[in-house]
Amino acid sequence: MSKKVRVRFAPSPTGPLHIGGVRTALFNYLFAKKHNGDFVLRIEDTDQNRYVEGAEDYIVKSLNWCGIPFDEGPGKNEKFGPYRQSERKHLYKQYADQLIAEGKAYYAFDTSEELDAHRKQHEAEGKTFIYNWHNREKGRLVNSLVLSEEETQAKIDAGDDYVVRFKSPQDETLQLKDIIRGDISIDTNILDDKILFKSDGMPTYHLANIVDDHLMEITHVIRGEEWLPSLALHKLLYDAFGWEAPEFAHLPLILKPTGKGKLSKRDGDKLGFPVFPLAWTDPKTNEVSRGYKEDGYFAEAVVNFLAFLGWNPGTEQEIFSLEQLVSDFDLARVNKAGARFDPDKTKWFNHHYMQQQLDLELATEFQAKNILLKDIDVNYIALVVGLIKERATFVSDFWELSHFFFVSPTDYDEKASKKALKEGTDEILNKVIELVNSTEDFTVENLQTNIKGWITDNDIGFGKVMMPLRLALVGALQGPDVFDIMYMIGKAETAKRIEALVKTI
Ligand code: GLU
C-alpha cells in the first residue's frame with residue numbers, strides 16, 4: 001500500500017447510533033490504526049427531512065466513550081473540511097453538471113404522480129417499472145434525452161422541479177471487488193438510473209458520498225452490508241468521473257439472538273438489553289432508550305464484544321484490549337455471514353473487565369449510586385468490592401452481594417434458618433461469641449486459628465458452626481468467606497450479630 005490509508009465513518013444523523021453503527025466505526029478505526037492511517041468522521045446530513053436534533057453530538061460522544069475518537073471531523077483537524085455535507089452543499093452541483101455535459105447523466109422532469117402511474121401500469125401488466133435504458137428514451141418519460149436542448153432549458157428556466165439521473169449502461173457486466181466478499185459481477189441491465197441531484201440544490205446520498213470520498217482521499221470504504229446494492233452505482237460513478245475508486249469492504253449484518261433477521265431495538269426491548277452505546281432521549285417523544293454505558297457496561301467490554309461481531313482472530317483468544325485489536329485486526333478475517341448477537345456473551349465480557357478495574361474506582365462508583373454508603377470510608381468500600389466483585393457483572397450487583405458489610409441483617413432467610421439452626425446451635429454460637437471476644441488481635445488469621453482450632457479440638461462438624469455463624473452475619477447462607485466478613489465488620493459488630501441470632505432461637 002503506497003498511499004496513506006484513509007477511512008471514514010459516514011453516519012446520517014437520523015437518531016441514536018445503533019451498535020451496528022458503532023461496530024462499523026470500530027472496524028474503520030482498527031483498520032486505520034493498524035495501517036497508521038486516518039480515521040475520518042463525516043456527517044451525511046443531506047436529507048434534511050430525516051435530520052434529528054442531537055444525533056451528531058450523540059455520535060461523537062459514543063465514539064469518545066468507546067475510546068475510538070476520530071482524527072478528522074467536524075470541529076477537529078479540518079484539513080479536508082467541512083465534514084458536514086450540509087456545509088458542503090455548494091460543492092456538489094458542479095459534479096452533476098459535469099456528468100450532464102459529458103452525456104453521463106441527464107435531467108428528468110417526471111413528477112411523482114407520473115412515475116406512480118407508470119409503476120401501476122407496469123404492475124397491472126405483471127412487470128416492474130425501472131427507470132433506465134429500456135424506457136428512458138422511448139418518449140413516455142419526460143427527460144433531457146427526449147426533449148430538445150431548448151425545451152429542457154425552458155423547463156429549467158421556468159422553475160420546473162427536476163432531478164439529475166445517472167445514465168446507467170446497457171448490456172454490460174460489471175466486475176466488482178469486495179475485500180470481504182471477493183469478486184461480484186453485476187449485469188447493468190438491472191440497474192435503475194439513480195437520482196444524483198435535485199432541483200432544490202441538494203445532492204442525494206450517492207453523489208455526495210462519492211464526491212466526498214474522492215475529495216477526502218478515502219482509500220478504503222468499510223461499511224455495512226446494507227450498502228452492497230449501491231456498490232455497482234458507486235463504481236460506475238468513479239469510472240464516469242475518471243477517478244480511482246477506493247477499495248470496498250461490506251461488513252456482515254448483526255443478527256437477532258435467534259440468528260434470524262437483523263437485530264433491532266425491539267429485540268433489545270423484548271429481551272432486556274440495549275442496542276445503543278449511550279442512553280438516548282428522543283427529542284420529539286421524550287422516550288428514553290437504554291444505553292450500554294448507563295446499563296453498567298465498561299467501554300472495554302463493549303469494544304471487545306463488538307469486535308467479535310463479524311471478526312475473529314482465528315485462535316481461541318477472546319479477550320482483546322483495543323491495542324491488541326489494532327495489532328491483530330484484519331479485514332480478511334471478517335466473515336460474510338451475518339453475526340449473531342449474544343446478550344449473555346456481552347455480560348461475560350463485562351464480568352471479565354469488571355475484574356480488571358481498580359477496586360477504589362469501582363467503590364467510588366458504587367458509593368455514588370447508593371445513598372446508604374454516603375458516609376462510609378471509600379477505602380473500606382474498596383476492600384468490600386475486592387471481596388465480592390468476582391461474583392458481579394455490574395456495579396449495580398454490588399449491593400445485593402455486599403449489604404451485610406454495611407448493615408446488620410434485619411431478618412433471616414427462612415430456608416437457610418431451617419438448614420442452619422439445629423438443636424444445640426445456641427450453645428455453639430454462645431461459645432463462638434466467647435471466642436470472638438477473646439481474640440485480642442482481631443485478624444482473619446487469628447479468627448481462623450481460634451475458631452477452627454476449637455471446632456477440630458472438640459470434634460464438632462464444621463457445618464454446625466459455620467452455617468449458623470454465616471446466617472448470623474449475612475442473614476442468609478451466601479457471601480464471601482465468613483472470616484473475611486468478621487474481620488471487616490469488626491469484633492463488636494460480629495458479637496452483636498451472633499447474639500441477635502441466638503435471641504431468635
Ligand atoms: N450515510 C450512510 C449511512 O448512514 C453512509 C454509508 C456509507 O458508508 O457509504 O450509513
Side-chain angles (χ1 to χ4, degrees), residues 5-14 17-18 20-21 24-25 27-28 31-32 37-51 55-56 59 70 72-74 78 80-100 104-105 163-168 174 176-180 184 186 191-198 200-251:
V5 164
R6 288 177 55 80
V7 298
R8 84 308 192 265
F9 177 50
S12 300
T14 54
L17 191 60
H18 184 280
T24 300
F27 283 20
N28 272 283
F31 185 79
D38 299 323
F39 173 47
V40 177
L41 174 68
R42 183 172 71 227
I43 301 295
E44 301 210 323
D45 57 352
T46 52
D47 188 350
Q48 292 295 323
N49 298 326
R50 296 182 58 218
Y51 181 83
E56 178 186 321
I59 290 164
F70 52 89
E72 279 168 41
E78 297 212 2
F80 288 85
Y83 293 85
R84 284 184 202 100
Q85 289 185 327
S86 58
E87 292 168 13
R88 304 171 63 80
K89 213 175 128 178
H90 58 284
L91 278 168
Y92 305 111
K93 186 170 186 297
Q94 56 186 301
Y95 294 100
D97 289 346
Q98 180 190 333
L99 292 183
I100 294 170
K104 294 168 181 166
V163 297
V164 175
R165 284 182 184 272
F166 183 68
K167 201 171 163 190
S168 55
L174 281 179
L176 307 172
K177 248 193 180 19
D178 181 277
I179 299 173
I180 296 166
I184 304 168
I186 297 278
L191 301 175
D192 59 339
D193 291 354
K194 279 272 185 298
I195 298 174
L196 302 179
F197 194 84
K198 295 186 191 154
D200 65 3
M202 275 305 216
T204 58
Y205 154 71
H206 299 294
L207 181 67
N209 186 272
I210 266 48
V211 167
D212 286 347
D213 281 349
H214 173 70
L215 296 178
M216 294 181 179
E217 297 179 12
I218 298 303
T219 57
H220 295 77
V221 169
I222 304 168
R223 61 185 174 191
E225 177 178 320
E226 62 273 29
W227 301 102
L228 194 57
S230 301
L231 179 58
L233 171 67
H234 292 182
K235 178 69 169 63
L236 286 168
L237 281 169
Y238 281 104
D239 293 348
F241 285 118
W243 297 335
E244 189 191 338
E247 288 188 55
F248 289 91
H250 288 85
L251 306 176

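Keep in mind that this is a model prediction, so the values were computed, not measured. No hydrogens, no waters, no symmetry mates; every other heavy atom, side chains included, goes into these values.
Here CG of D45 is found 11.0 Å from CZ of R88. Values are rounded to the nearest 0.5 Å. Here the CG-CG distance, from L174 to L236, works out to 4.5 Å after rounding to the nearest 0.5 Å. Note that CZ of R42 is 6.5 Å distant from CD1 of I218, once rounded to the nearest 0.5 Å. From L207, atom CG reaches atom CD of Q85 across 9.5 Å, with rounding to the nearest 0.5 Å. Summarising the geometry, atom OH belonging to Y92 is positioned 10.5 Å from atom OG1 belonging to T204; distances are rounded to the nearest 0.5 Å. The OG1 atom of T24 sits 10.5 Å away from the NE2 atom of H18 when rounded to the nearest 0.5 Å.
For the pair Y205 and D47, the minimum side-chain heavy-atom distance is 4.5 Å or more. Contact annotation: the side chain of K194 never approaches that of R165 to less than 4.5 Å [non-hydrogen atoms, C-beta and beyond]. Residues F31 and I222 form a side-chain contact, since some pair of their non-hydrogen atoms from C-beta on lies under 4.5 Å apart. At least one side-chain heavy atom of L41 sits less than 4.5 Å from a side-chain heavy atom of P11. Using a 4.5 Å heavy-atom threshold, the side chains of L233 and L191 count as separate.
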I'd like to know whether L215 forms a side-chain contact (heavy atoms from CB on, under 4.5 Å) with L91, so could you lay out the CA-CA distance, the side-chain angles of the two residues, the decisive distance to 0.1 Å, and finally the verdict. CA-CA 10 Å; L215 296 178; L91 278 168; 4.3 Å; yes
Would you check, one step at a time, whether the test ring pair (Phe, Tyr, Trp, His ring centres under 6.0 Å) holds for F241 with H214? CA-CA 10 Å; F241 285 118; H214 173 70; 7.9 Å; no
Between L99 and L237, is a side-chain contact (heavy atoms from CB on, under 4.5 Å) present by the stated rule, with each step listed? CA-CA 9 Å; L99 292 183; L237 281 169; 3.9 Å; yes
Residues V221, N209; criterion side-chain contact (heavy atoms from CB on, under 4.5 Å); working and verdict: CA-CA 11 Å; V221 169; N209 186 272; 5.9 Å; no
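The two residues K177 and L231 make their nearest non-hydrogen contact at O-CD2, 4.4 Å. Annotation for K235 and A245: closest pair CD-CB, 4.3 Å, computed over non-hydrogen atoms. Closest of all the heavy-atom pairs between I195 and V163 is CG2-CB, 3.7 Å. Scanning all heavy atoms of the two residues, the minimum distance from I59 to P13 falls at CD1-CA, 4.5 Å. Between A10 and R8, the shortest heavy-atom distance links the atoms CB-NH1, 3.8 Å. A pairwise comparison of heavy atoms in L17 and F9 identifies CD1-CZ, 3.7 Å as the closest pair.
Between W243 and Y238, the ring planes are perpendicular. Angles over 60° get that label, and only those under 30° would be called parallel.
Remark: the backbone N or O of R50 is not paired with any side-chain donor or acceptor of T14 at under 3.5 angstrom. No donor-acceptor pair closer than 3.5 Å links the side chain of R84 to the backbone N or O of P74. Looking only at distances, no side-chain donor or acceptor of D38 sits under 3.5 Å from a matching main-chain atom of R6. When atom types are taken as modelled, the side chain of S12 and the backbone of E44 share a donor-acceptor pair closer than 3.5 angstrom.
Inspection of the Y83 and E72 side chains reveals an N or O donor paired with an N or O acceptor under 3.5 Å.
Around the CD atom of Q48, the shell of radius 6.0 Å holds more than 12 heavy atoms that belong to other residues, nucleotides or ligands. The environment of K93 atom NZ is sparse: at most 12 non-hydrogen atoms of other residues, nucleotides or ligands sit within 6.0 angstrom.
Each of V5, D213, N28 was checked for a side-chain contact (heavy atoms from CB on, under 4.5 Å) with H220, and the lone residue meeting it is V5.
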